[in-house]
Visitor: 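Below is a structure I'd like to ask you about.
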Amino acid sequence: MAAVEILKTVGLTKTYAGLKANTDVNFVLPRGKVTALIGPNGAGKSTFVGMLSGRTPATSGDVFFEGRNINALPAHKRIQLGIAYTFQITSVFAGLSVHENVAVAARRIAGGDQSALNARVGEALARVGLSERADQIAGDLSYGHQRVLEIAMGLVQAPKIFILDEPTQGLSDSEVEDFIALIGSLAGETTVLLIEHNMSVVMRTADFITVLNNGSVLARGTPEQVRADRHVQAAYLGTPDA
Amino acid sequence: MTGKSRAPNLMVFGVLLCLGLLFLVLPAYHAGNLARIMVLAVYAMGYNLLFGYTGLLSLGHAMFFAAGMYGLGLSMTGWGLSPVPAFAVGVGAATLASAIIGFLALRTRGVAFMIVTLMFAQAGYLVILYFGAYTRGDEGFVIQQADRMIAGIDLSGDAARYFTAFILFAVCFLGLAWLVRAPFGRTLIAIRENEERAQMLGYDTTMYKLRAMIVSGAISGAAGAGYALLFGYVGATFATVQYSIFPLLWVLLGGAGTLIGPLVGVFFMFYLIDISSAVTSAYMLIAGLALVLLTLFAPQGFAGELRKRVFAWLP
Ligand SMILES: Nc1ncnc2c1ncn2[C@@H]1O[C@H](COP(=O)(O)OP(=O)(O)O)[C@@H](O)[C@H]1O
Ligand SMILES: [Mg+2]
C-alpha cells in the first residue's frame with residue numbers, strides 16, 4: 001500500500017546571508033489531498049516550496065519524495081519526478097502563443113506525437129477556460145489570464161504534486177470561483193500544495209493547513225483545528241471572528 | 001493547425017527551387033557570388049541556431065568556421081585526403097571544438113558568455129599563427145585545383161561550384177527547417193524566451209544549450225570546410241574576430257530566429273558591399289549607414305519584420 005504521505009521534509013533550513021528564511025521545517029504532505037501553506041508576508045512560504053521544487057538550494061535538512069531522499073536532485077529532475085510548480089511572480093513564455101506555452105510543458109511527457117500533444121494541450125486549456133485564446137501571444141494576455149495559463153502549464157503535466165504559489169493573486173472574483181472549482185476537480189488524483197492569502201479560498205479548498213511564521217511551523221492540522229489555534233489567531237488570523 | 005503548417009514547407013521548397021533555377025538565368029559573375037553567399041549563409045544558419053533560436057550570443061564562432069576550414073585544408077594538403085573524408089574531418093574538428101568550448105563557456109551567461117567565447121576564439125587564432133609551419137599563418141595556403149575533385153568533377157568549375165554550394169546549403173536548410181519545428185527546436189525557443197521557466201518545466205536547459213552549441217558549431221564548421229573546398233584558400237583571416245562578428249550582423253540583418261533570415265542577411269550585406277565599393281572607396285561608410293538605418297527601422301531584421309507584420313507562420 002502506498003504511503004499516506006507523498007512528500008516529507010526533515011529539518012529543512014534556508015539561510016540568506018545570515019537571515020533565516022526557513023528554520024528546521026518538518027513537514028508532511030498527505031497524498032491526494034489539498035494542503036494549504038499560509039502565513040504572513042515574508043514568513044518563508046515561497047522559500048520553502050522553492051526548496052521542495054529544487055529552485056532554491058536548501059542550506060540544510062532533507063526532502064523525501066515518495067520515501068526517497070531527493071536532496072541531490074536538480075530542479076529539472078524533481079519536476080520530472082512529477083512535481084509541478086507555478087511561480088509566485090507570473091512566469092510564462094511571453095513571446096510564444098498560449099497553445100505553445102502549454103505545449104512546451106506537455107511535450108516533455110507527450111513526446112513527438114503531435115495529435116496526442118494537441119489533444120492534451122486542448123484539454124488543459126479547456127479546463128482553465130483559455131480555449132478561445134489558444135492562438136494569442138501569451139504576453140498579450142491580461143494578468144489574470146497569464147496566471148491561469150500558468151496553472152494550465154502545470155495541469156498538463158498531470159503532476160503527482162502540484163505546487164501553486166499564490167495562484168489567485170490578481171484574479172477577479174469569478175476567476176477565483178473557477179479556480180476553487182478546478183482545485184475541487186483535482187481531488188483524489190493530484191496532491192496539491194497551495195500557498196494562499198485569500199482565507200476564503202483556503203477554507204473552501206484545503207483538507208489540511210500548515211501555518212508558517214518567521215520561517216518556522218507555527219501550527220498544522222485541519223482547517224477547524226488551525227482556526228481554533230490560539231497562536232495562529234494571535235499571529236496571523238486576528239480575532240476568531242475575522 | 002494543419003492548414004498553417006503547409007506554408008512553411010512551401011516557403012522552404014520555394015526558396016530552394018529559386019536558388020536552383022537562378023543558376024540558369026544569372027550571369028557567371030553573379031552565379032559565383034551566389035555560390036559564395038550560399039556557403040556563408042550556411043555559416044549564418046549555424047550561428048542563428050545558437051543566437052536566434054537559443055538566445056546565446058557567441059562572439060567566437062570564427063573558431064568553428066576556421067576549425068572546419070583547417071580541418072579540411074590540412075587533412076588534404078598534409079595527409080593527402082580526398083575532399084569527402086577531408087570534409088568529414090573539418091566538420092569533426094568543429095564539432096569537437098564546439099563541444100569543448102560549449103562545455104566550458106556554458107557555465108557563464110550573458111556578457112560573460114560573449115567574452116569567454118571571444119577569448120577562446122582568439123586563442124584559436126593564435127594557435128593557427130603559432131603553428132605557422134603547418135598553417136602558413138596569416139598568409140594561408142591554397143588547395144590545388146587538381147585536388148578539389150569529387151568523383152571526377154572539378155569543383156572549381158562554375159556549375160560544379162554552384163551546385164556543390166547549393167547542396168550544402170539545401171542539406172543544412174532542410175535539416176534546420178525540420179529541427180526548429182521538432183521538439184528539440186521548440187525547447188530551444190522556450191529556453192530563449194524564459195530559461196528558468198523551461199527548467200521548472202523539467203527540461204535540463206544546460207544540456208539543451210550544449211547540444212545547440214554543438215549543432216551550431218558543426219554547421220559552422222561545414223561552412224568553413226565548404227568554403228575552403230570551393231574557393232581553394234585557407235587562411236588565418238577567417239579565424240579573426242571579424243569573422244565572429246559577421247554572422248552576428250548577417251543574422252541581425254536578415255532576422256534572428258527565422259529560417260530564411262541568414263540567407264537574406266548574407267545576400268543583402270554581400271551586395272551592399274559589392275555595389276557600394278564599385279561607387280566609392282568609402283564603401284564601409286555606406287554599408288555602415290545602411291546597417292544603422294536598418295536597425296532603426298527594421299530592428300527584427302528583414303524576415304523578422306515580415307513575420308511580425310505579415311506572415312506570422314514564418315518558421
Ligand atoms: N533571494 C533572496 N535573497 C535574500 N533574501 C531572500 C531571498 N528570497 C527571500 N528572501 C527573504 O526570505 C524571507 C522569506 O521570504 P519568502 O519565502 O519570499 O516569504 P513569503 O513567500 O512567505 O512571503 C523574507 O525575509 C525575504 O526577504
Ligand atoms: Mg511568497
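The basis for the numbers below is simple: all heavy atoms, side chains too, and nothing from hydrogens, waters or symmetry mates. Lettering of chains follows the sequences in order, A, B, ..., and the numbering in each one begins at 1.
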Visitor: Could you check which of B:Glu193, B:Gln199, B:Met200 has the highest count of heavy-atom pairs closer than 4.5 Å to chain A?
Guide: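 Of the options given, most contacts go to B:Met200.
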Visitor: Can you establish whether the number of heavy atoms outside B:Arg109 located under 6.0 Å from its atom CZ is more than 12?
Guide: no
Visitor: When you measure from the side chain of A:Arg107 to the backbone of B:Pro183, do you find a donor-acceptor pair of N or O atoms at a distance under 3.5 Å?
Guide: no
Visitor: Taking C-beta and beyond as the side chain, do B:Ile189 and A:Leu96 meet within less than 4.5 Å on heavy atoms?
Guide: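 A side-chain contact under 4.5 Å exists here.
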Visitor: Quick check on A:Tyr143: does its OH atom have over 12 non-hydrogen neighbours (other residues, nucleotides or ligands) under 6.0 Å away?
Guide: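 More than 12 heavy atoms, drawn from other residues, nucleotides or ligands, come within 6.0 Å of this atom.
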Visitor: So do the side chains of A:Phe93 and B:Leu201 get within less than 4.5 Å of each other, counting heavy atoms only?
Guide: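 Sidechains of B:Leu201 and A:Phe93: in contact.
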Visitor: Tabulate, in ascending numerical order, the residues of residues 75-84 of chain A having at least one heavy atom closer than 4.5 Å to a heavy atom of chain B, or enter 'none'.
Guide: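 Answer by number: A:Ala75, A:His76, A:Ile79, A:Gln80.
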Visitor: Which answer fits A:Ala94, side chain, backbone, both or neither, if we ask what part of it has an atom under 4.5 Å from a heavy atom of chain B?
Guide: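 For A:Ala94, the contact with chain B is made by the backbone alone.
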Visitor: Looking only at non-hydrogen atoms, find the nearest pair between B:Arg197 and A:Tyr85 and report the distance.
Guide: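 Reported closest heavy-atom pair: NH2-O, 3.0 Å.
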Visitor: Within a radius of less than 6.0 Å around CD1 of A:Ile89, do more than 12 heavy atoms belonging to other residues, nucleotides or ligands occur?
Guide: no
Visitor: Does any heavy atom of chain B fall under 4.5 Å from the side chain of A:Glu100, the backbone, both, or neither of them?
Guide: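 Just the side chain, heavy atoms under 4.5 Å.
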